[in-house]
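In listed order, ligands and their atoms are each counted from 1.
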Amino acid sequence: MKPVKILIIAGARPNFMKIAPIMHAMRRSPKLEPILVHTGQHYDVKMSDTFFDELNIPRPDISLEVGSDTHARQVAKIMERFEPVCDEQKPQAILVVGDVNSTMACSIVAAKKEIKIIHVEAGIRSRDRSMPEEINRMVTDAITDILMPPSRDAVDNLLAEGHAPEKIHLVGNIMIDTLLASKDLINKSEILKTLSLQAGNFVSLTLHRPSNVDNMDNFRKILAALEVIQQELPIVFPIHPRTRKMISEFGLEDYVASMKNLILTDPLGYFDFGKLISASRFVLTDSGGIQEETTVYGIPCITLRENTERPVTVWEGTNELAGCDTETIIALARQILDGNWKKGRIPELWDGAATGRIIRILEEVL
Ligand code: UD1
């Protein structure tokens, strides 16, 4: 029998570590034929190519090269360029991961062409519709055929939204497959030496959500907390292009530069970043995936958001929500420095074996 042709969609940085193990496993399966489509939502070497190189992801078979734009225009461009790809390739299915604009845009195109949609990381919800990713999650799941949630709360969300139980397959957390498979290379990273850091003696920070960095008041509140925390421990801040742009737009360069213990770096590669967070005293972040990774490393995480689509990291892991309130962030940081933080445990099926479960299900149902 001919293998089932599946277009694998990758667009932005948080997609790459999710599609890597799926691509590798599908290429080994005689029943599945993966074709990699890169939409080009992220295009900088440090936001894209580095991850392909480090994680040995094959070069994309098809590149849509959409680049950055407003949400509507970016989604429209992806849809416009993905439609002829579907017509030429005639896949039986597409596989999308996560919640970025590319995830939703390609899903809408496929749904209208009656091509099956597989969504890995389905069902997670922040219930915050001001987040572009929440809209992407809801729209994608509404039209997905094979839903693959990472955790039980995500299964419950999908059931509550009326999805048929037979469409839902709890596969676990695909991101953790890559993390565990990369442990040795992460350990070997020289990033601590490069930045003159001592394990356990610094804080890591990532910040890029529009609600934090596109809003001057919120951004300032977070910076005020950083100003206090960096007096106790150095803070390493691999800076996202959006955030760098907003610092300059808001004229905050001098304020940021005045914090002598706030160390800005370019975006880091996967192994260096893994080493950095796993060796941190604690992590400050507004990312989704980093809340999960810190839980697996057992490193305290303060999330600079009011809500999370990954509540299991708070219920079971090492994560707490702080929003962008200066005093709350400082109080939680003090709690960690006083040694007063939960230990956490690793959630069910975040075990490095999600890829195997995904492939088995696809070989069976497609
Ligand atoms: C996107 C995702 C977000 C994810 C994040 C990870 C959506 C809606 N958002 O947000 O879920 O957490 O990626 O990074 O899909 N830029 C560059 N080089 C690049 C990419 C972007 O310089 O390679 C700059 C551009 O100026 C762009 C800005 O960064 O305007 C923001 O990029 P964009 O892709 O719009 O959204 P992200 O904030 O990266």
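- Of the candidates T294, I263, L276, I290, S204 forms a side-chain contact (heavy atoms from CB on, under 4.5 Å) with just one, namely L276.
- Listed by chain and residue number, H240 satisfy the ring pair (Phe, Tyr, Trp, His ring centres under 6.0 Å) test with H208 (two or more places apart in sequence, or in another chain).
- Screening residues 88-110 for salt bridge (charged side-chain N to carboxylate O under 4.0 Å, His left out) gives D99-R137 as the qualifying pairs, with residues at least two apart or on separate chains.
- Taking 4.5 Å as the limit, every side-chain heavy atom of E249 sits out of range of all side-chain heavy atoms of M216.
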Between ligand 1 and the protein, which N/O pairs fall short of 3.5 Å?
from, atom 1, to, atom 2, distance (Å)
ligand 1, 9 (N), E133, OE2, 3.4
ligand 1, 11 (O), E133, OE2, 2.5
ligand 1, 12 (O), H208, NE2, 2.9
ligand 1, 13 (O), H42, NE2, 3.3
ligand 1, 14 (O), H240, NE2, 3.0
ligand 1, 15 (O), Q41, NE2, 2.7
ligand 1, 15 (O), N101, N, 2.8
ligand 1, 16 (N), Y43, OH, 3.4
ligand 1, 18 (N), Y43, OH, 3.4
ligand 1, 18 (N), D44, OD2, 2.9
ligand 1, 22 (O), D44, OD2, 3.4
ligand 1, 23 (O), Y43, N, 2.9
ligand 1, 23 (O), D44, N, 2.9
ligand 1, 26 (O), K245, NZ, 3.4
ligand 1, 30 (O), K245, NZ, 3.4
ligand 1, 34 (O), H42, NE2, 3.3
ligand 1, 38 (O), R242, NE, 2.7
ligand 1, 38 (O), R242, NH2, 3.4
ligand 1, 39 (O), H42, NE2, 2.7
ligand 1, 39 (O), H240, NE2, 2.9

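- Pairs of residues two or more places apart, or lying in two chains, that qualify as salt bridge (charged side-chain N to carboxylate O under 4.0 Å, His left out) and include a residue from residues 62-74 are D69-R73, D69-K77.
- Hydrophobic clustering (ILVMFWY, side-chain heavy atoms < 4.5 Å, transitive): I174 and I19 are in one cluster.
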